[in-house]
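Following: one structure in structure tokens, then a few remarks.
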Amino acid sequence: MQKVAFSPCSVPLSLKELCLIQEINHTSIYRQAMVRLCILSMLIAAAAGLNVLYIVSDDMRPEWGIYNGSAITPNLDELARSSLLFRRSYCQISVCSPSRQSFMSSRRPNTYDVWNFIDAVPTTITSLPRVFRDNGYLTLGLGKLWHEDSGAWNANNSWSPELPYYPYQAGKCPHGGQGGGHCVQKDEQIYDWHLLNNTLSYMDYAIQSRLSTGRPFFLASGYRKPHAPWQAPQRMYDLYNQSALHTADPDTFSTTTPLVAWSGELSVKLENGTTFPFSPFKAVPRWVQQDQRHAYYASVSYVDEHVGAMLSKLDAAGLRNETIIVVHADHGYLLSEHGYWEKKSNFENTVRVPTMIHVPNATASHGQVTDSLFELVDMMPTVVSLAGLTVPSGLDGMDQSALLSEPHTGLKEYAFHQYPACGKLPNFNSTRAECNQVPKQQFKAMGYTVRDASWRYTRWLWWNATKLNGEWDGEYAEELYDHAGDLGAPFDRFENENVAAAHQDLCQQYTAVLRKHFET
């Protein structure tokens, strides 16, 4: 794909000098004319650029219909048929804030020690939207893209001033909040409905700008669903037969896996507020699992409906063929697989995320599914490259834009993830607590995990509060899971037996890979 540079630095040198060098000894009228010519040159260059529509969801696992999942997602499925669908796409840490700090900046969590809700990457960093803004794009943001400041974190460093960043709000049910619960509500009671309407309004502005001036846009919208509480209108619930929904089997924790891998997170409760306790080896009743899945899938379908409205807006303007469309989540989710509810773990189902990229002229990728390993930290360099822009230096991610030309080529050998452990944790065979608001110097342990085409290996290490790294030569617990034949569904088929004891040679190999990646 030919690179088209849109930045001021791409203006021919003579024009650049006339625009930027202050010591030119000419009349002010001449200087003003040259500045206008410089700006015109930039706009003409930018006019050739593809737009970018960037859609992020919260807590969504890759269970769309196109993934052979149980969620009813006709709009996402339709888009996937003209996109590249990623079957092995992974986040770098499975909780909202640090994952978003990572993929919005293409920095891994351990680069700037961002593992929870306390810390953040430097505010001077070049973010994904900033790259596009610096290259002449109109950049508009809405919803939950960053976690901090209701999504408007460091907004002046990323977004164009024409329209203010539209902040996100937490959902609320009569008997539920962000920690769990669900309810049927009218559209206007749900934040994502308001986000959609504002997104469509911002799209109108961006489209009009594109059509009247040729200026390309980068518009990003971050939906709150299916983050708990699971809110959706009745029409979304009516899509499903609750009694027919598949549930996890097994639905309890494996006795072969160290308990440090388990944490009690979500509050499992019915719409009326009735709560059902669970533990590693005691699952909630199957009918309750179906109730929870019904609400979760209804929220997923609600996001799908919003995506459909955004695509219709793009089509009505005739801009589908001039727009890169990206859809992904911040991390995955567990619905009683391993006896675990929610995210915040190193298991495959919390690390793996739904991901697709539509590039109009990349027809070799349309309707294709790639099994090449992809990390969300790769998204920034990949999208920047697909737009024909120069990828900034110093990023942790890898430009995988070549997959859009050769979808079945494996470009990456490993995908990495990590998750900290807090709480009392007297040993590795004890359950852990989350670390969202725990200073990083007070972590108890860190779980480091690596995934390749066939295996996932996780190593739990005690935390060195001085080095802010695991004690690589100390006591440890380990997990090894065989993923041979894993096509992503069903979700309960893999990682049910830890086979580390039987494959110590592999464990040693993967330990060396992890240590090289995380210790240096």
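Here the structure is a predicted model, which is why all the values come from computation and not from measurement.
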Check step by step if side chain to side chain contact (heavy atoms under 4.5 Å, CB included) holds for Val383 and Phe132.
CA-CA 10 Å; Val383 173; Phe132 285 88; 4.0 Å; yes
Check the pair His503 / Asp482 against side-chain hydrogen bond (donor to acceptor under 3.5 Å, both in side chains), numbers first and verdict last.
CA-CA 10 Å; His503 297 279; Asp482 186 353; over 6 Å; no
Step by step, would you call Tyr419 with Thr458 a side-chain hydrogen bond (donor to acceptor under 3.5 Å, both in side chains)?
CA-CA 10 Å; Tyr419 202 81; Thr458 301; over 6 Å; no
Does the side-chain hydrogen bond (donor to acceptor under 3.5 Å, both in side chains) test come out yes or no for Thr511 and Arg459, once each step is laid out?
CA-CA 7 Å; Thr511 297; Arg459 193 175 184 92; 2.9 Å; yes
Using the rule given for side chain to side chain contact (heavy atoms under 4.5 Å, CB included), can you reason through His306 versus Leu200, listing the C-alpha separation, both sets of side-chain angles and the distance that settles it, and then say yes or no?
CA-CA 10 Å; His306 300 333; Leu200 296 178; over 6 Å; no
Verdict with reasoning, Glu148 to Ser97, per side chain to side chain contact (heavy atoms under 4.5 Å, CB included)
CA-CA 7 Å; Glu148 294 75 16; Ser97 177; 2.2 Å; yes
Under the side chain to side chain contact (heavy atoms under 4.5 Å, CB included) criterion, do Tyr414 and Glu375 qualify, and how do the steps go?
CA-CA 9 Å; Tyr414 301 115; Glu375 298 178 282; over 6 Å; no
Show the numbers, then the answer: is there a side-chain hydrogen bond (donor to acceptor under 3.5 Å, both in side chains) between Ser243 and Gln290?
CA-CA 7 Å; Ser243 63; Gln290 291 176 316; over 6 Å; no
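For Gln92 (side chain) and Leu376 (main-chain N/O), a donor-acceptor pair under 3.5 Å exists by modelled atom type. Side chain of Ser263 to backbone of Glu265: no donor-acceptor contact under 3.5 angstrom is found. Gln101 places no side-chain N or O within donor-acceptor distance of the main-chain N or O of Ala120, the cut-off being under 3.5 Å. Between the Asn157 side chain and the Ile125 main chain, a donor and an acceptor come within less than 3.5 Å of each other. Using modelled atom types, no side-chain atom of Arg224 and backbone atom of Asp58 make a donor-acceptor pair closer than 3.5 Å. Side chain of Ser385 to backbone of Pro381: no donor-acceptor contact under 3.5 angstrom is found. Without hydrogens or angle criteria, Ser301 side chain to Met236 main chain gives no donor-acceptor distance under 3.5 Å. With Ser127 contributing its side chain and Met104 its backbone, the two residues share no donor-acceptor pair below 3.5 Å. Of the possible polar contacts, none joining the Glu322 side chain to the Asn51 backbone as a donor-acceptor pair under 3.5 Å is found. When atom types are taken as modelled, the side chain of Arg100 and the backbone of Gly151 share no donor-acceptor pair closer than 3.5 angstrom.
Across all their heavy atoms, Tyr240 and Tyr297 have their closest contact at OH-O, 3.2 Å. Closest heavy-atom contact between Gly397 and Ser106: N-OG, 3.0 Å. Taking all atoms of both residues into account, the shortest heavy-atom contact from Pro129 to Thr139 is O-CG2, 3.4 Å. Across all their heavy atoms, Val95 and Pro98 have their closest contact at CG1-CG, 3.3 Å. Considering all non-hydrogen atoms of both residues, Val369 and His408 come closest at O-CE1, 3.4 Å. Between Glu63 and Gly69, the closest heavy-atom pair is CG-CA, 3.3 Å.
Under the 4.0 Å criterion applied to side-chain N and carboxylate O atoms, Glu337 and Arg293 are assigned as salt-bridge partners. Lys412 and Asp378 are joined by a salt bridge, as a carboxylate oxygen and a charged side-chain nitrogen come within less than 4.0 angstrom of each other. No salt bridge links Asp77 with Arg81; every basic N to acidic carboxylate O contact stays at or beyond 4.0 Å. Ion pairing of Arg286 with Asp249 is absent here, as no side-chain N (NZ or NE/NH1/NH2) approaches a carboxylate O to less than 4.0 Å.
In this structure, Glu406 places its CD atom where only 12 or fewer heavy-atom neighbours from other residues, nucleotides or ligands lie under 6.0 Å away.
To the nearest 0.5 Å, atom CD1 of residue Ile190 and atom CG of residue Leu196 are 11.5 Å apart. If you take NZ on Lys144 and OH on Tyr166, they are separated by 15.5 Å, rounding to the nearest 0.5 Å. Atoms OG1 and CG, from Thr449 and Leu514 in turn, are 7.0 Å apart once rounded to the nearest 0.5 Å. The structure places OG of Ser336 at 10.0 Å from CG of Asp492, a figure rounded to the nearest 0.5 Å. Between Ser221 atom OG and Met310 atom CE the span is 5.0 Å, to the nearest 0.5 Å. Expressed to the nearest 0.5 Å, how far CD1 of Ile324 lies from CG of Leu50 amounts to 5.0 Å.
Taking the ring centre of Tyr67 as origin, the terminal cationic atom of Arg352 falls inside the region bounded by 6.0 Å and 45° from the ring axis. Under the 6.0 Å distance and 45° angle rule, Arg456 counts as a cation-pi partner of Tyr90. Cation-pi check for Arg61 over Phe491 is met; the charged atom lies under 6.0 angstrom from the ring centroid and within 45 degrees of its normal.
Looking at Arg88, Arg493, Arg87, Arg451 one by one, the single match for salt bridge (Lys or Arg N to Asp or Glu O under 4.0 Å) with Asp486 turns out to be Arg451. Under the side-chain contact (heavy atoms from CB on, under 4.5 Å) rule, Val327 has a single partner from Leu85, Leu76, Leu53, Val56, which is Leu76. Of the candidates Tyr202, Tyr137, Tyr165, Tyr165 is the only one forming a ring-ring contact (aromatic ring centres under 6.0 Å, His included) with Trp159. Partner His483 forms a ring-ring contact (aromatic ring centres under 6.0 Å, His included) with one of Tyr457, Trp455, Phe494, Phe347 and no other, that one being Phe494.
Every residue two or more places apart in sequence or in another chain was checked for a disulfide (SG to SG under 2.5 Å) with Cys96, and none qualifies.
For the residue pair Asp452 / Tyr510, a side-chain donor-acceptor distance below 3.5 Å is found, with atom types taken as modelled. There is no side-chain donor-acceptor pair under 3.5 Å between Gln242 and Trp287.
Aromatic ring pairs are classed by plane angle as parallel below 30°, tilted from 30° to 60° and perpendicular above 60°; the pair His182 and Tyr237 is tilted. Aromatic ring orientation, Phe416 versus Phe518: perpendicular (interplanar angle above 60°, classes split at 30° and 60°).
Note: Phe86 and His328 fail the aromatic proximity criterion, with ring centroids not under 6.0 Å apart.
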